[in-house]
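Each remark here refers to the structure printed beneath this line.
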2 protein chains.
Amino acid sequence: MAKEAGVSVTTVSRFLNNHPYITDSKKQAIEIAMEKLNYVQNSAATQLRSKKSNFIGVLVSRLSNPFFTSLVDKIEAEAKISGFQIIVLQSYDDKNAESRILKLLQQGVLAGIIMCSIESGPNDIEQYTEYGPIILCNIANSESKLPQVYSNQEQGTYDALTYLFNQGYRKFAYCTGGSLSRHSHGGARTRAFEKAINDYNLKINKNWIFYQSHTIEDGKYIGEKILKLNIKEWPDVIFSNSDEIAAGLLKTFSIHNIKVPEDIAIIGFDDQKYSELLSTPLTTIRQPIDALAMHSVNYLISLLKNEEYEFSAEDLQLELVIREST
Amino acid sequence: MAKEAGVSVTTVSRFLNNHPYITDSKKQAIEIAMEKLNYVQNSAATQLRSKKSNFIGVLVSRLSNPFFTSLVDKIEAEAKISGFQIIVLQSYDDKNAESRILKLLQQGVLAGIIMCSIESGPNDIEQYTEYGPIILCNIANSESKLPQVYSNQEQGTYDALTYLFNQGYRKFAYCTGGSLSRHSHGGARTRAFEKAINDYNLKINKNWIFYQSHTIEDGKYIGEKILKLNIKEWPDVIFSNSDEIAAGLLKTFSIHNIKVPEDIAIIGFDDQKYSELLSTPLTTIRQPIDALAMHSVNYLISLLKNEEYEFSAEDLQLELVIREST
DNA sequence: CTGAAAGCGCTAACAC
DNA sequence: GTGTTAGCGCTTTCAG
């Protein structure tokens with residue numbers, strides 16, 4: 001390639017990297033040769049030599065969760081603007097898979113990672129920052145020094161719970177994706193739940209708390225469990241940690257002719273695209289996906305350049321969307 | 001690292017690549033040194049030298065389409081089994097974006113590509129096979145010599161149309177993602193539609209054909225357009241090219257108090273997870289996602305190894321799922 | 001402004 | 001079984 005253009009490899013390299021100070025004549029010679037040889041830069045060589053990767057890893061637990069799909073979608077669009085390519089990585093809630101993914105940073109495959117899910121403790125993760133920046137996206141962890149972009153899940157959840165209380169609901173069931181002990185955003189929601197229960201003098205019932213719920217199937221199953229309770233022991237509203245859970249719940253109730261919200265009300269989380277289209281349009285809490293994606297990517301890129309990054313929590317507000325399920 | 005273990009780099013390389021014939025003592029020495037230095041292989045160097053990539057590109061038009069999400073999800077699981085990592089690439093229906101993605105093959109970033117969407121003509125794509133295998137997944141193109149894994153969309157669609165005819169429907173509206181001229185799977189469905197119209201002696205009405213429909217929003221809009229027709233001119237069933245379109249349609253009709261299927265019936269395509277949960281559970285055509293993913297990945301990997309790959313069309317049947325919207 | 005030369009970390013050929 | 005050597009395609013000094 002260099003010889004085709006009659007210049008040195010150095011000059012070609014400079015051309016490729018947009019260095020200033022190359023004669024127009026050489027530029028043109030290179031362009032012509034590139035065209036003629038159908039040349040493309042070998043990225044492995046570039047990466048090996050420059051020790052820089054063009055890839056940003058985006059870690060989610062599972063892509064089939066539509067919340068993550070939307071988030072990944074926005075992150076990819078944002079990364080592309082800055083010339084980065086994203087690699088979607090799924091951990092499937094598995095700690096070992098997560099470690100393997102983190103190793104991609106160390107291997108030099110990834111320039112940085114945006115973690116939208118987290119399995120290991122923050123310390124396990126922090127050790128990898130040696131190899132590149134790691135951003136926590138939509139995960140608030142006060143114990144960790146990792147850079148974090150998150151919405152105020154605690155406030156948003158509390159506000160929703162307050163709305164439900166004002167609507168007259170008193171028996172709150174609660175579904176969480178975690179185990180109530182984790183420090184993920186599940187934790188923030190749980191803190192809000194406990195606070196609301198306390199502030200509003202409500203009773204908590206062990207039969208109304210559901211752990212490790214993620215999918216539509218989990219929601220259906222939780223619905224079944226509730227219906228098996230003595231009818232006097234039914235909750236009057238169910239706070240679900242995702243619209244998928246809420247959708248599953250809705251399905252079970254509709255099969256059994258339980259009316260929503262009259263018999264039992266349901267509130268979801270995320271505001272999925274289909275949430276307004278369900279048999280009962282879902283009241284839910286919308287997450288600021290666009291802002292989450294935008295700030296995570298730009299924060300990461302700033303870190304890559306050793307620059308500061310500032311953003312306002314204003315952009316990251318949760319929003320209560322009231323429909324017919326409450 | 002080599003010197004830490006007291007062996008040559010060659011031996012380390014052999015160890016890493018699971019070559020036979022290394023003394024156990026050296027193996028152990030390497031393992032200990034690896035552990036001690038927290039060593040990981042640099043993938044750029046490996047790739048540069050061996051000219052092999054560990055990445056498989058998966059190209060879809062947009063990840064936010066849940067059909068593609070599920071497909072990508074399965075492809076990733078399947079690729080992982082064989083030790084490959086996938087890179088999700090979105091073309092957003094843009095030919096130029098597609099070319100840029102194809103270039104990743106030429107750059108050596110990707111070992112091969114699974115294309116689940118296609119924008120350019122087959123010829124434009126075939127030239128890239130010089131740099132690595134390209135599989136068309138869920139795209140049937142008889143003009144192209146590219147390896148293809150697809151279900152019989154024409155038969156599946158025709159069968160569904162036959163079912164609708166037998167149910168008594170006679171006025172068929174038709175939504176397509178393409179422009180009716182493309183050779184994508186849209187084409188196969190359209191051929192089936194035209195054949196059914198012909199075979200069953202039905203009338204075609206230009207006001208009942210809708211192009212370039214993809215999203216829930218598109219579906220809502222199409223619903224509005226239909227309702228604006230003189231009521232005598234309404235179709236009695238709408239064939240939609242995705243469950244998203246169908247969901248949008250459903251929404252518009254529910255707002256206007258149009259009963260489904262009594263006033264107008266709807267059939268979807270894909271069988272999304274939420275399709276049974278909508279205000280009217282959707283009759284739809286289920287695609288064989290698992291088989292599509294499995295065969296595409298394994299076909300690609302066989303090609304990478306210069307092996308033959310056989311699979312049976314039996315695995316790739318479309319399935320009519322009858323619910324309440326027809 | 002441009003080029004020569006060194007070398008990133010690894011694999012493959014060849015020798016022993 | 002194991003080591004020596006060359007070189008993948010690029011970027012980065014350092015000279016000029």
Side-chain angles (χ1 to χ4, degrees), chain A residues 1-34 36-55 83 85 103-111 130-132 304-305, chain B residues 1-34 36-55 83 85 103-111 130-132 304-305:
Chain A
M1 159 66 194
K3 96 176 88 157
E4 173 75 34
V7 300
S8 74
V9 286
T10 313
T11 308
V12 175
S13 173
R14 286 201 256 260
F15 173 81
L16 258 17
N17 294 286
N18 294 313
H19 274 245
Y21 315 132
I22 311 181
T23 349
D24 280 352
S25 69
K26 302 226 169 191
K27 267 191 193 163
Q28 285 187 352
I30 293 173
E31 272 164 358
I32 291 166
M34 271 183 68
K36 183 171 171 197
L37 301 178
N38 199 6
Y39 168 89
V40 289
Q41 198 173 5
N42 178 305
S43 65
T46 308
Q47 196 178 312
L48 174 59
R49 187 58 236 243
S50 68
K51 301 203 166 297
K52 275 182 201 145
S53 160
N54 194 33
F55 288 114
Q85 167 78 50
K103 283 231 164 61
L104 292 174
L105 241 197
Q106 190 180 356
Q107 283 180 51
V109 176
L110 305 174
E130 175 185 346
Y131 309 106
L304 249 15
K305 300 188 200 157
Chain B
M1 157 66 195
K3 96 175 91 161
E4 172 75 34
V7 299
S8 75
V9 287
T10 312
T11 309
V12 175
S13 173
R14 286 202 255 261
F15 174 81
L16 258 17
N17 293 287
N18 294 312
H19 274 246
Y21 313 131
I22 311 180
T23 350
D24 281 353
S25 68
K26 302 226 168 188
K27 268 191 193 164
Q28 286 187 353
I30 293 174
E31 274 164 357
I32 291 166
M34 271 183 66
K36 183 171 168 197
L37 301 178
N38 200 7
Y39 168 88
V40 288
Q41 196 173 4
N42 179 306
S43 66
T46 308
Q47 196 178 313
L48 174 60
R49 187 58 236 240
S50 69
K51 304 209 165 291
K52 275 183 200 142
S53 160
N54 194 33
F55 289 114
Q85 168 77 51
K103 282 233 165 59
L104 293 172
L105 241 197
Q106 190 181 358
Q107 283 180 51
V109 176
L110 305 174
E130 174 186 347
Y131 309 107
L304 249 16
K305 300 187 199 159

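In the text below, chain A, chain B and the rest are named by the order of the sequence lines, each starting its count at 1.
- Asn17(B) contributes no side-chain N or O that, together with a main-chain N or O of His19(B), makes up a donor-acceptor pair within less than 3.5 Å.
- Residues forming a side chain to side chain contact (heavy atoms under 4.5 Å, CB included) with Val9(B) (at least two apart in sequence, or on another chain): Ala2(B).
- Every side chain to side chain contact (heavy atoms under 4.5 Å, CB included) that Gln28(B) has, sequence neighbours left out, goes to Glu31(B).
- Applying the side chain to side chain contact (heavy atoms under 4.5 Å, CB included) rule to Asn38(B) yields the partners Gln106(A), Tyr131(A); only residues at least two apart in sequence or on another chain are considered.
- In this structure, the CD1 atom of Ile30(B) is 12 Å from the P atom of dC10(C), given to the nearest Å.
- Under 4.0 angstrom from either OP1 or OP2 of dC1(C) there lies no side-chain N or O belonging to Thr11(A).
- Residue pairs meeting the side chain to side chain donor-acceptor pair (under 3.5 Å) criterion with at least one partner in residues 45-54 of chain A, sequence neighbours excluded, are Gln41(A)-Thr46(A).
- Protein atom CZ of Phe15(B) is 17 Å distant from nucleotide atom P of dA12(C), rounded to whole Å.
- Remark: Lys26(B) is in phosphate contact with dG3(D), judged by side-chain N or O atoms under 4.0 Å from OP1 or OP2.
- Under the rule for a side chain to side chain contact (heavy atoms under 4.5 Å, CB included), the partners of Thr11(B) that lie at least two apart in sequence or sit in another chain are Val7(B), Ser8(B), Ile22(B), Ile30(B).
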- With the sugar-phosphate defined as primed atoms, P, OP1 and OP2, and the base as all remaining atoms, what B/S/- string results for nucleotides 8-16 of chain D, 5' to 3', for protein heavy atoms under 4.0 Å? BBBBB----
